[in-house]
Amino acid sequence: MPARGVDYFYGIDAPNFATHSTVNNAGTPLRVNNLGSQTSVTLNLPLWNWGATHSKIVQADLKRKQAQRELSLAQRKLQADMRGLYAEAEAARSELELLRSSAELAAESLRLTNLRYQGGEATVLEVVDAQNTLTQARNSSNDGEVRYRVAMANLQTLTGTM
């Protein structure tokens with residue numbers, strides 16, 4: 001595109017810093033005004049820009065391709081994250097079912113051990129051991145519940161509320 005410009009200058013145009021000076025002109029003193037002004041108008045018509053326009057087009061195309069690649073990378077990363085979160089939630093659910101089953105079996109074992117103890121066939125040590133096993137199974141079940149809820153929360157964070 002053509003460019004235009006206007007410049008205006010005002011100031012002292014003399015070897016001395018004064019508004020007026022005296023110059024001898026053929027023996028007669030001449031009083032000269034040192035203040036002056038100048039106006040400059042420029043018009044630039046680009047006929048040849050050494051390939052700058054082509055370079056800008058190539059740069060814009062490269063930036064567009066880079067943006068497409070970054071979008072593709074973000075989409076693949078999102079898909080990988082989704083698959084990972086779904087797999088984690090499924091594994092946590094499966095583990096939770098096993099841990100709940102284990103806790104139920106430990107509770108049944110404690111009930112049977114108590115019955116054997118009341119019948120005189122088991123010792124107090126066996127009852128305490130069954131109680132410890134039940135406590136550990138319940139703690140593991142609770143840990144599994146936490147893992148499952150965290151996995152679901154992470155999944156819901158990425159996908160929205162289910």
Side-chain angles (χ1 to χ4, degrees), residues 1-13 17 37-162:
M1 298 298 292
R4 62 185 183 273
V6 176
D7 293 317
Y8 176 73
F9 302 101
Y10 176 80
I12 297 175
D13 185 20
F17 187 72
S37 63
Q38 176 186 355
T39 303
S40 172
V41 178
T42 59
L43 179 63
N44 185 2
L45 297 172
L47 300 175
W48 178 254
N49 62 4
W50 300 99
T53 304
H54 178 69
S55 175
K56 288 179 183 178
I57 291 171
V58 169
Q59 287 178 6
D61 188 48
L62 290 173
K63 286 180 182 179
R64 182 183 56 81
K65 288 179 181 176
Q66 179 67 25
Q68 286 175 339
R69 289 186 179 112
E70 288 176 0
L71 175 63
S72 175
L73 175 67
Q75 288 172 337
R76 286 190 311 247
K77 186 178 181 311
L78 178 64
Q79 288 173 350
D81 289 347
M82 290 280 291
R83 281 192 298 269
L85 290 174
Y86 274 118
E88 172 64 22
E90 182 61 29
R93 188 186 58 78
S94 298
E95 180 186 26
L96 181 59
E97 289 175 3
L98 291 174
L99 291 172
R100 284 179 179 166
S101 173
S102 176
E104 289 172 6
L105 290 175
E108 181 64 18
S109 174
L110 177 61
R111 187 183 72 79
L112 293 174
T113 304
N114 279 334
L115 289 176
R116 286 181 51 225
Y117 177 72
Q118 290 170 358
E121 295 179 7
T123 64
V124 173
L125 185 59
E126 290 175 353
V127 173
V128 170
D129 187 42
Q131 288 173 343
N132 284 337
T133 302
L134 176 60
T135 302
Q136 289 173 354
R138 285 182 179 165
N139 288 342
S140 295
S141 178
N142 291 339
D143 290 343
E145 182 79 30
V146 168
R147 179 181 173 203
Y148 175 71
R149 290 184 186 267
V150 167
M152 291 303 294
N154 288 335
L155 190 59
Q156 287 176 354
T157 299
L158 195 60
T159 61
T161 305
M162 291 184 162

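Keep in mind that what you see is a predicted model, and the values were worked out from it rather than measured.
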*side chain to side chain donor-acceptor pair (under 3.5 Å) involving R76 - partner list, sequence neighbours excluded*: S72
*Could I get the full list of side chain to side chain donor-acceptor pair (under 3.5 Å) partners for K63, not counting sequence neighbours?*
none
Kindly give the heavy-atom pair with the smallest separation between [X] and [Y], and that separation in Å.
X    : Y    : result
E88  : A151 : CG-CB, 3.8 Å
A89  : M152 : CB-SD, 3.9 Å
P2   : P46  : CA-CD, 3.9 Å
S37  : Y10  : CB-CD1, 3.9 Å
L134 : A107 : CD1-N, 3.4 Å
A122 : T113 : CB-O, 4.2 Å

[X] side chain to [Y] backbone, donor-acceptor under 3.5 Å:
X    : Y    : result
S141 : A137 : no
S101 : E97  : no
S102 : L98  : no
T157 : A153 : yes

Does any non-hydrogen side-chain atom of [Y] lie less than 4.5 Å from one of [X]?
X    : Y    : value
R147 : D143 : no
L158 : M82  : yes
L96  : E145 : yes
I57  : D61  : no
V150 : N154 : yes
L99  : E95  : yes
Q68  : L71  : no
V127 : N114 : yes

*R4, CZ atom: more than 12 neighbouring heavy atoms under 6.0 Å*: no
*Looking just at side-chain N and O atoms, do E70 and Q66 make a donor-acceptor pair shorter than 3.5 Å?*
yes
Can you tell me how far [atom2] of [Y] sits from [atom1] of [X], rounded to the nearest 0.5 angstrom?
X    : Y    : atom1 : atom2 : result
T133 : E126 : OG1   : CD    : 11.5 Å
R100 : E104 : CZ    : CD    : 9.0 Å
L155 : Y86  : CG    : OH    : 5.0 Å
L110 : L112 : CG    : CG    : 9.0 Å
K56  : Q59  : NZ    : CD    : 8.5 Å
S40  : Y8   : OG    : OH    : 13.0 Å

_For T123 and Y117: C-alpha separation, side-chain torsions, deciding distance, then whether side chain to side chain contact (heavy atoms under 4.5 Å, CB included) applies._
CA-CA 6 Å; T123 64; Y117 177 72; 5.9 Å; no
